[in-house]
Amino acid sequence: MRLLEAIRIEIKLNRFQIATVLASSVGIVIAAAYFITRFHSIQLDAACTSVYEYPPGLVCPGTSMLDWVKITQQAEVIPPLLAFLPWVAGLLLGVPIVSQEIETKTVLLAWTVGPSRSRWLLRRVAVVLPFLLLAMTMAIAAGIALLGTQKPLIDPWRTFDQYDSHVVLMGRAMLAFAIGVLAGAYLGRLLPALIAGAVACALAALVAQAIFPSLAPPVELVTIDEPQGTPVSLSLMYRLDDGRLVSWEEVLLTAPDVPGTKAYDDWETALQLVGLGYPASMATEIAIREDIVTVLASGVVLLGAIFVVRRRRPY
């Protein structure tokens, strides 16, 4: 009973943030369901939605195509909202966990009477974090369902299309949450912690983009028979006659003459260009790798928050 009462108190203290995050996620789910319903109301062969060459003999009604394009343009508002949601939701739930308690001076009693500051913080995290995970689960489901309906020829689990708006939301939300807890614990003020957390999240997003190519060894990109979206191209290399892959600077050393001559032009035309990156089929694997790295980083940041809480003064 004491545990249930403690959980009830924690939820009550954070009810505004929890309600806001859940309402935002539910709003996205409702919007996605609305667009999915409108897509299903259009009588159109799935092949007509492809950006690739249509099969021979396929007839795509002009009116239906215009309706599909119109709804597609309207539905484009959902992916940016999904990409933005984890950072905002994570900060909104994470920052007040410690900062509002310090700001209102209620930690004076909790940290004095309580057996452990670490347990106090972890209990609050354990109560609030599931609401964030629930909100992200709903958002991810909405994004995947919408993508699968909008682009029926594409497997939403095997494409980099709208990559930033579904599977990776979970890890990013947890990282933002941990950053928020740390910022709130260190600064002890709600508004400054929100600002500092937002800056830290922006830097984290830039770092994530920088480490993205190292999450898995890039492979040689080849023509994909099934149009599962655009592959991720990381670098361009050139294949020599002996099979080695070299950069432009290296292959330039083998040029027979200077640019502008016939020999140089013939040599350049004969070069075999090779793209290295990730085919669309690796999208889920890359997303899971990114989530694992992000969750591990979240754990490190949360440990930093625990360290700050244990050492700082309650004001």
Side-chain angles (χ1 to χ4, degrees), residues 10 13-14 17-18 20-21 24-25 82-103 107 110-111 114 116-137 139-140 163-164 166-215 286-314:
E10 297 296 344
L13 290 173
N14 296 277
Q17 301 94 286
I18 292 173
T20 301
V21 169
S24 300
S25 185
L82 286 171
F84 196 59
L85 179 64
W87 304 106
V88 176
L91 284 179
L92 192 59
L93 289 178
V95 167
I97 282 183
V98 181
S99 64
Q100 72 176 356
E101 299 297 310
I102 296 176
E103 204 162 18
V107 293
W111 288 2
S116 168
R117 293 187 182 185
S118 299
R119 287 174 58 185
W120 173 87
L121 176 59
L122 290 176
R123 185 185 71 238
R124 297 176 65 82
V125 169
V127 172
V128 175
L129 185 57
F131 291 100
L132 177 63
L133 301 183
L134 174 61
M136 290 304 104
T137 300
I140 291 171
Y163 174 82
D164 291 326
H166 46 85
V167 178
V168 293
L169 298 184
M170 193 69 75
R172 294 176 183 180
M174 293 182 65
L175 179 59
F177 177 81
I179 289 174
V181 175
L182 176 59
Y186 183 78
L187 296 175
R189 297 293 182 271
L190 185 59
L191 184 58
L194 281 172
I195 296 173
V199 173
C201 285
L203 294 175
L206 293 176
V207 172
Q209 290 182 352
I211 68 173
F212 176 81
S214 63
L215 294 179
I286 298 300
I288 291 174
R289 287 172 181 260
E290 181 176 332
D291 269 337
I292 292 173
V293 172
T294 309
V295 170
L296 291 176
S298 305
V300 173
V301 175
L302 195 57
L303 288 175
I306 293 174
F307 176 79
V308 171
V309 166
R310 294 181 61 179
R311 296 185 61 88
R312 74 157 292 151
R313 295 177 178 179

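The figures that follow rest on heavy atoms only: side chains count, while hydrogens, waters and symmetry mates do not. What you are looking at is a predicted structure, and each value in this text was computed from that prediction instead of being measured.
Between the CG atom of Leu206 and the SG atom of Cys201 there is a distance of 11.5 Å, given to the nearest 0.5 Å. To the nearest 0.5 angstrom, Thr20 atom OG1 is 11.0 Å from Asn14 atom CG. Rounded to the nearest 0.5 angstrom, Leu182 CG and Ser298 OG are separated by 11.5 Å.
The shortest non-hydrogen separation linking Met136 to Leu169 is SD-O, 4.1 Å. When all heavy atoms are compared, the tightest approach of Ala185 to Val309 is CB-CG2, 3.8 Å. Heavy-atom minimum distance, Gly171 versus Thr294: O-CG2, 3.0 Å. Of all heavy-atom pairs spanning Ala287 and Val167, the tightest one is CB-CG1, 3.8 Å. Residues Val181 and Ala305 approach most closely at CG1-CB, 3.7 Å, considering heavy atoms. Closest of all the heavy-atom pairs between Phe177 and Val125 is CE2-CG1, 3.7 Å.
With a 4.5 Å cut-off on side-chain heavy atoms, Ile102 and Arg312 count as touching. Two residues are said to be in side-chain contact when any heavy atoms from C-beta on lie closer than 4.5 Å; Arg117 and Ile306 fail this criterion. A heavy-atom distance below 4.5 Å is not found between the side chains of Val21 and Phe131. In this structure, Trp120 and Glu101 have side chains that are in contact, with non-hydrogen atoms separated by less than 4.5 Å.
For Leu296, the side-chain contact (heavy atoms from CB on, under 4.5 Å) partners are Ile292, not counting sequence neighbours. Shown here are the side-chain hydrogen bond (donor to acceptor under 3.5 Å, both in side chains) partners of Tyr186, two or more places apart in sequence or in another chain: there are none. Listed by chain and number, the residues in a side-chain contact (heavy atoms from CB on, under 4.5 Å) with Leu133 are Leu129, Met170, Met174 (sequence neighbours excluded). Residues meeting the side-chain hydrogen bond (donor to acceptor under 3.5 Å, both in side chains) test with Arg313, sequence neighbours left out: Tyr315. Residues that satisfy the salt bridge (Lys or Arg N to Asp or Glu O under 4.0 Å) test with Asp164, not counting sequence neighbours, are Arg172. Taking Arg123 as the reference, Glu10 meet the side-chain hydrogen bond (donor to acceptor under 3.5 Å, both in side chains) condition, with sequence neighbours excluded.
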Contacts table for residues 82-99: side-chain donor-acceptor under 3.5 angstrom, sequence neighbours left out:
| unit_1 | atom_1 | unit_2 | atom_2 | d |
| --- | --- | --- | --- | --- |
| Ser99 | OG | Val95 | O | 2.7 |

Indicate every side-chain donor-acceptor pair of residues 189-196 with a distance under 3.5 Å to a residue at least two apart or in another chain.
none

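Judged as a side-chain hydrogen bond (donor to acceptor under 3.5 Å, both in side chains), not a single pair has a partner in residues 191-207 (not counting sequence neighbours).
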* Starting from the C-alpha separation in whole Å, work towards a yes-or-no answer on side-chain contact (heavy atoms from CB on, under 4.5 Å) for Gln17 and Gln100. => CA-CA 12 Å; Gln17 301 94 286; Gln100 72 176 356; 4.1 Å; yes

